[in-house]
Undergrad: 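One structure coming up, written as structure tokens, with questions to follow.
Remember, it's 1-based here, ligands and their atoms both numbered in the order they're listed. No hydrogens, no waters, no symmetry mates; every other heavy atom, side chains included, goes into these values.
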Amino acid sequence: MTKFSDLNLDPKVLKAIVDTGYETPTPIQAGAIPPALEGRDVLGIAQTGTGKTAAFTMPMISLLRRGRARARMPRSLVLCPTRELAAQVAENFDAYAKYTKLTKALLIGGVSFKEQDLLIDKGVDVLIATPGRLLDHFERGKLILSDVKIMVVDEADRMLDMGFIPDIERIFGLTPFTRQTFFFSATMAPEIERITNTFLSNPARIEVARAATTGENITQGVVMFKGSRKDREATEKRALLRALIQSEGENCRNGIIFCNRKVDVDVVAKSMKKHGFDAAPIHGDLDQSHRTRTLQEFRDGTLRFLVASDVAARGLDVPNVSHVFNFDVPSHAEDYVHRIGRTGRAGKLGTTMMICVPRDEKNLEDVERLVQSAIPRLDNPMGGSAPKAEEKAEEPKKRTRTRSRKSDAPKDDAPKAEPVAEKPAEKPVEKAAEKKADKPERGRSKPRNDNNNRAAGMGDDAPDFIAMSFDERRKG
Ligand code: AMP
């Protein structure tokens, strides 16, 4: 088995690794670090949870040890799709560079330009940035990229989804042709392949197992749910979420609840708090200090539930998440794999539960096609009775206005037998809202509409764990 000491890393990096307690390199680290240290370009096909951040930060620090940064001329550049991911890379850098004198700056939206300018003016060895913010600084004449020796593109597939690829191409063009490039992506969509062919030179290609490696520990389920009435569906769905959490009892230590739309992130978080759950929202419209604080609380265990959008939670590394709840079926099938990958990390057990309303059945089909398996159907823990008192607390006006003789209860767990009651006019409205919710922090081109491509994207790589039955994994 490879040891860190076999990898030719700088002794100061090795010393920092000892402090982290890591015993052996992960496969992406064992594969990427040696060619990176030889000066080669690296193409890493790996998801979060594989140790990929260390796979590029460790060799970067080793390579940059010698040399000094000049004012406004960073010596290396790490591009990340989201602020949270950028902050996580910065944390990795701090951990592995702690015995060196290397400096870094984090350029992300939501932080004042003035502070960031001051750091850049001093000269930094490592600049970690989201593409939009980096170009803002460049356009203001505050940044010169002609001394960049190493450029890293992290989570390139997410950059593609968020419409950042033109920015990335532009940034590649602003850095010297002689730079060394480390490029990481979970998947190799044709557009990503094109970029790597254009900007990487004879890269060492390292591919590690997909989410299956973490997903084997994840127990999955979906509750098929239809509101007793259209105007009560949202309230009842929130009650169902609470019932699902409660049905897990003490097993549910903490959890991330994913919603497709920012507006629902806020509503669900507020509703959970009102019902006594320790929950807070996180999405792109909240200011950076607020997001950072909320995340830290969740990491520390002082916050039990994080209600999140995909963009805000993408790539987050929070160990020890016991549960992931999909309040909505993701509208991009691949997000399902990313969402559930927030739990069951580092060999721990995880549970994930999803709510599927009739309107989302098409999305569920896409998810199941992508993962090439049926997600086990769960019983509705509310059975035949809806939590009336709780509904009253939430939407009193609606209820008095629209009284019905029917039971309040969401009656059925198997909506395949139910007619799909969908107003045709709702679809475009919802789609428009989703687009807004998924809007990149600063995209300069339209995100691609690739639902179909994505559904096909996983091909034969579908995680094995998804093929296992719910019961099998519960027992196991
Ligand atoms: P990443 O894929 O970069 O998001 O990393 C996932 C998690 O793995 C992080 O919590 C890292 O701290 C952890 N990690 C990285 N490298 C190792 C290693 N060699 N051994 C154990 N854990 C690691």
Side-chain angles (χ1 to χ4, degrees), residues 1-10 13-34 36-37 42-62 78-98 126 128 152-159 182-187 206-218 254 256 295-296 298-301 310 312-322 324 337-348 350 463:
M1 191 185 282
T2 316
K3 293 193 285 250
F4 277 113
S5 53
D6 299 334
L7 296 179
N8 267 338
L9 286 161
D10 187 275
V13 175
L14 285 176
K15 190 171 171 211
I17 294 172
V18 172
D19 294 352
T20 63
Y22 302 158
E23 284 168 7
T24 48
T26 64
I28 189 77
Q29 291 161 5
I33 293 173
L37 289 175
V42 171
L43 171 57
I45 303 161
Q47 291 188 327
T48 53
T50 54
K52 69 174 171 60
T53 317
F56 61 80
T57 38
M58 288 174 181
M60 271 177 82
I61 297 163
S62 301
V78 182
L79 297 174
C80 302
T82 64
R83 303 165 187 185
E84 279 73 18
L85 204 55
Q88 213 162 276
V89 171
E91 273 174 30
N92 270 252
F93 177 81
D94 288 344
Y96 308 130
K98 69 191 224 194
V126 182
I128 304 160
V152 181
V153 179
D154 194 14
E155 305 233 346
D157 50 343
R158 195 58 171 184
M159 302 268 199
F182 305 151
F183 193 99
F184 287 81
S185 185
T187 55
I206 297 103
E207 188 160 359
V208 301
R210 295 188 54 94
T213 47
T214 47
E216 275 155 14
N217 318 315
I218 304 173
N254 62 356
I256 304 179
L295 257 179
Q296 198 52 45
F298 187 65
R299 279 208 175 98
D300 295 345
D310 287 292
R314 166 77 186 209
L316 286 185
D317 176 39
V318 183
N320 299 321
V321 176
S322 76
V324 166
V337 179
H338 292 300
R339 287 180 181 187
I340 71 168
R342 304 298 97 211
T343 181
R345 287 167 92 83
K348 299 213 169 63

Undergrad: Does Thr24 reach the main-chain N or O of Lys3 with its side chain, forming a donor-acceptor pair under 3.5 Å?
TA: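 Here the side-chain-to-backbone pair does not exist.
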Undergrad: Look at ligand 1 and say whether Thr24 reaches it with a heavy atom at a distance under 4.0 Å.
TA: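 Thr24 counts as a contact of ligand 1 under the 4.0 Å cut-off.
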Undergrad: Would you kindly specify which portion of Phe4 sits under 4.0 Å from ligand 1, judged on non-hydrogen atoms: side chain, backbone, both or neither?
TA: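 Under 4.0 Å from ligand 1, Phe4 contributes side-chain atoms alone.
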Undergrad: Going by atom types alone, do Gln88 and Asn92 pair a side-chain donor with an acceptor below 3.5 Å?
TA: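 Result is no, nothing qualifies.
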Undergrad: What atoms in ligand 1 come closer than 4.0 Å to a heavy atom of Thr53?
TA: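 The list of qualifying atoms is 1 (P), 3 (O), 4 (O).
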Undergrad: Is a donor on one side and an acceptor on the other found under 3.5 Å between the side chain of Thr57 and the backbone of Phe93?
TA: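 Flag not set: sc Thr57 to bb Phe93 has no pair under 3.5 Å.
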Undergrad: Heavy-atom distance under 4.5 Å between the side chains of Leu7 and Pro34, does that happen here?
TA: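 Counting from C-beta outward, Leu7 and Pro34 do come under 4.5 Å.
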Undergrad: State whether the side chain of Thr26 and the backbone N or O of Thr50 hold a donor-acceptor pair below 3.5 Å, judged by distance alone.
TA: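 Yes, Thr26 side chain to Thr50 backbone: donor-acceptor pair under 3.5 Å.
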Undergrad: Please list, in number order, the atoms of ligand 1 under 4.0 Å from a heavy atom of Thr26.
TA: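 In order of number, 17 (C), 18 (C), 19 (N).
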Undergrad: Using a 4.5 Å cut-off on heavy atoms from C-beta on, say whether the side chain of Phe4 contacts that of Met58.
TA: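 With C-beta onward as the side chain, the pair touches.
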Undergrad: Report yes if Thr50 has an N/O atom closer than 3.5 Å to an N/O atom of ligand 1; otherwise report no.
TA: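 Yes.
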Undergrad: Kindly confirm or rule out an N or O of Gly51 lying under 3.5 angstrom from an N or O of ligand 1.
TA: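 N/O-N/O distance below 3.5 Å exists for this pair.
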Undergrad: Below a 4.0 angstrom heavy-atom separation, can you tell me which part of Glu23, side chain or backbone, both or neither, approaches ligand 1?
TA: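 Neither; no heavy atom under 4.0 Å.
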Undergrad: What about Gln29: any of its N or O atoms under 3.5 Å from an N or O on ligand 1?
TA: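 Yes, at least one N or O pair falls under 3.5 Å.
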